[in-house]
Number of protein chains: 2
Amino acid sequence: MGQDVRELLWGDAARPPRGRPAGLSREQIVAEAIAIADAEGLQKVSMKRVAERLDCGVMSLYRHVDGKEQLVALMHDTAIGPAPDLSADRGWREAVAEWARATRAYFLAHPWALPLVTEDRPVGPNEVSWLDQGLGALESTRLSGAERLAAVMVVNGFVRGGVQPEVQESYAGAQWFDFMADPRARERFPNTSALFADGSMSYETPELSFEFGLQVVLDGLERRIGDAA
Amino acid sequence: MGQDVRELLWGDAARPPRGRPAGLSREQIVAEAIAIADAEGLQKVSMKRVAERLDCGVMSLYRHVDGKEQLVALMHDTAIGPAPDLSADRGWREAVAEWARATRAYFLAHPWALPLVTEDRPVGPNEVSWLDQGLGALESTRLSGAERLAAVMVVNGFVRGGVQPEVQESYAGAQWFDFMADPRARERFPNTSALFADGSMSYETPELSFEFGLQVVLDGLERRIGDAA
DNA sequence: ACCTGAACACCGTTCAAGT
DNA sequence: ACCTGAACACCGTTCAAGT
């Protein structure tokens, strides 16, 4: 796998130099797969569907990608793209906030990526650039390396969790709360029931929820950073 | 789906009352599926494998579960079990911390559940009980309903993000960092490279990282709760 | 009536036959 | 040598045939 990952990272170096006019490229394959996932979801992405779109045999794809697993890894790394440059002089708090908002924007644009990032998978260069920029945003602080890493992971986890209800149809469509129709459920889950009754769970203001959570995380970091300084 | 979810929640009420000695039950099927996932991972759980284990025809399973999707939902809800009771008199901070640690313990015990919870899926009664207890842990505070919900989601997101490297083999086995072997990578990702060089990314002290992140989140909540009071 | 085997419509990938 | 169709070993689920 080590070799695979390196190839995926720095790719293209040794591409098959000769043969057909090369009607097919890895970039095309990945782009088509992303288009399918954006339109119909990740589980509709099959080698066959991608090949159909590109008017080629299924096995032709294997000339350019190792297999489905690598294709999916490439989809994510291509779709997320390189991280925004946060090195501008604006203080760690605003830099981290921008990082978090950009991450949220990615998942909103490509909801299929959300379950994907929780799986064990090879990491690509663009994803590493996000980690690197996240760490860079905390460079001006006195946090240790391990603390900076943990801090980036807290922010990352928060973003993923906060974005999930926004991209899930069953939540937006309120099927998630169907169980609350049952009076026994309302009795058994009084706290949830209260939230449901006062409209707190309607999730009509996702951005406000996101910003609330973000400020909580940033406040927590601020205190740690203050202690370290 | 509403009906399905309600049935999944309160189940068992109207079970087929007559017929064979009922050599098969939903509980058995779910238990066997969990056993397979624990031992070999979620993708090894197939209707066929479960049926083999139970010495029955594949289609016999469909008498007790709607299909694979419902089976997986039942696996999660069964494996996570009811939430611990946090109503004891110990203050919101320790209650939330306990909630977070118990959630982490679940994912460590059943790593296959981590990618699963990020998917759009019907929610079961045990999972709702965790939400309910999480909200209950914040009952003594002056946070609004929407704020409490957002707070639980911040903690939940943090736990999932923090636990992910702990349960991922490629991270524990260090393949995750293979790309750092390339000098071009070290140049391109200086912050990540520095962490790698000083050993911060070895992830040999996962519990310390978890506790650091948890305290960050709790500190952030404390400030919000103080503001609200 | 209950149960379940055969058949179907999909997967991703191996392998050997094509050019 | 490059490319790719046929074949394989799986999926989950429908449907109709069994008891």
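Chain A is the first sequence line, chain B the second, and so forth, proteins listed ahead of strands; every chain is numbered from 1.
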(message) Taking C/dT13 as the reference, what is the distance to D/dT13 when you measure between their C1' atoms (whole Å, please)?
(response) 23 Å
(request) Measure the distance from CD on A/Q70 to C1' on C/dG12 and round it to the nearest whole Å. (result) 15 Å
(message) By nearest atom, which of the nucleotides D/dT13, C/dT13, C/dG12 is closest to the B/K68 side chain?
(response) D/dT13
(message) Expressed as a whole number of angstroms, how long is the span from B/K48:NZ to D/dG12:P?
(response) 10 Å
(request) Flag this pair as yes if the NZ/CZ of A/R104 is under 6.0 angstrom from the six-membered ring centre of A/F210 and inside a 45 degree cone about the axis; otherwise no. (result) yes
(request) State which of D/dT13, C/dC3, C/dC15 makes the closest approach to the side chain of B/R63. (result) C/dC3
(message) What is the distance, to the nearest angstrom, from the CD atom on B/Q43 to the C1' atom on C/dG12?
(response) 14 Å
(message) If I pick the P atom on C/dA7 and the same atom on D/dT19, what distance separates them, to the nearest angstrom?
(response) 16 Å
(message) Output the rounded distance in Å from CG (B/L61) to P (D/dC11).
(response) 13 Å
(request) Determine the interatomic distance between P on D/dC8 and the same-named atom on C/dG18; round to the nearest Å. (result) 16 Å
(request) Would you indicate which nucleotide in D/dT4, C/dT13, C/dA6 comes nearest to any side-chain atom of A/S60? (result) D/dT4
(request) Could you state the atom-to-atom distance from CE of A/M59 to C1' of D/dT4 in whole Å? (result) 8 Å
(request) Measure up the A/F196 and A/F177 rings against each other and bin them: parallel (under 30°), tilted (30 to 60°), perpendicular (over 60°). (result) tilted
(request) Can you tell me the pairing partner of C/dA7 across any strand shown, Watson-Crick or G-U wobble, with both distances under 3.5 angstrom? (result) D/dT13
(message) Let's test this: given Watson-Crick or G-U wobble pairing with both distances under 3.5 Å, identify the partner of D/dA1.
(response) C/dT19
(message) Just the rounded figure in Å: distance from P of D/dT4 to CE of A/M47.
(response) 14 Å
(message) Measuring from the side chain of B/S46 (C-beta onward, heavy atoms only), which nucleotide among C/dT13, D/dG12, D/dT14 has the closest atom?
(response) D/dG12
(request) Mind calculating the distance between CG (B/L24) and P (C/dC2) to the nearest angstrom? (result) 16 Å
(message) Donor-acceptor check, side chain of B/N191 to backbone of A/L135, threshold 3.5 angstrom: yes or no?
(response) no
(message) With a 4.0 Å limit, can you tell me whether A/Y62 has a side-chain N or O closer than that to the phosphate oxygens OP1/OP2 of D/dT4?
(response) no
(message) So for atom CD, which belongs to B/E207, do other residues, nucleotides or ligands contribute more than 12 heavy atoms lying within a distance under 6.0 Å?
(response) no
(request) Please work out whether the ring planes of A/F189 and A/F179 are parallel, tilted or perpendicular, with thresholds of 30° and 60°. (result) perpendicular
(request) Take atom NZ of A/K44 and atom P of C/dA9, then tell me their distance rounded to the nearest Å. (result) 17 Å
(message) Heavy atoms only, 4.0 Å cut-off, all strands: where does A/V45 land among base, sugar-phosphate and nothing?
(response) sugar-phosphate
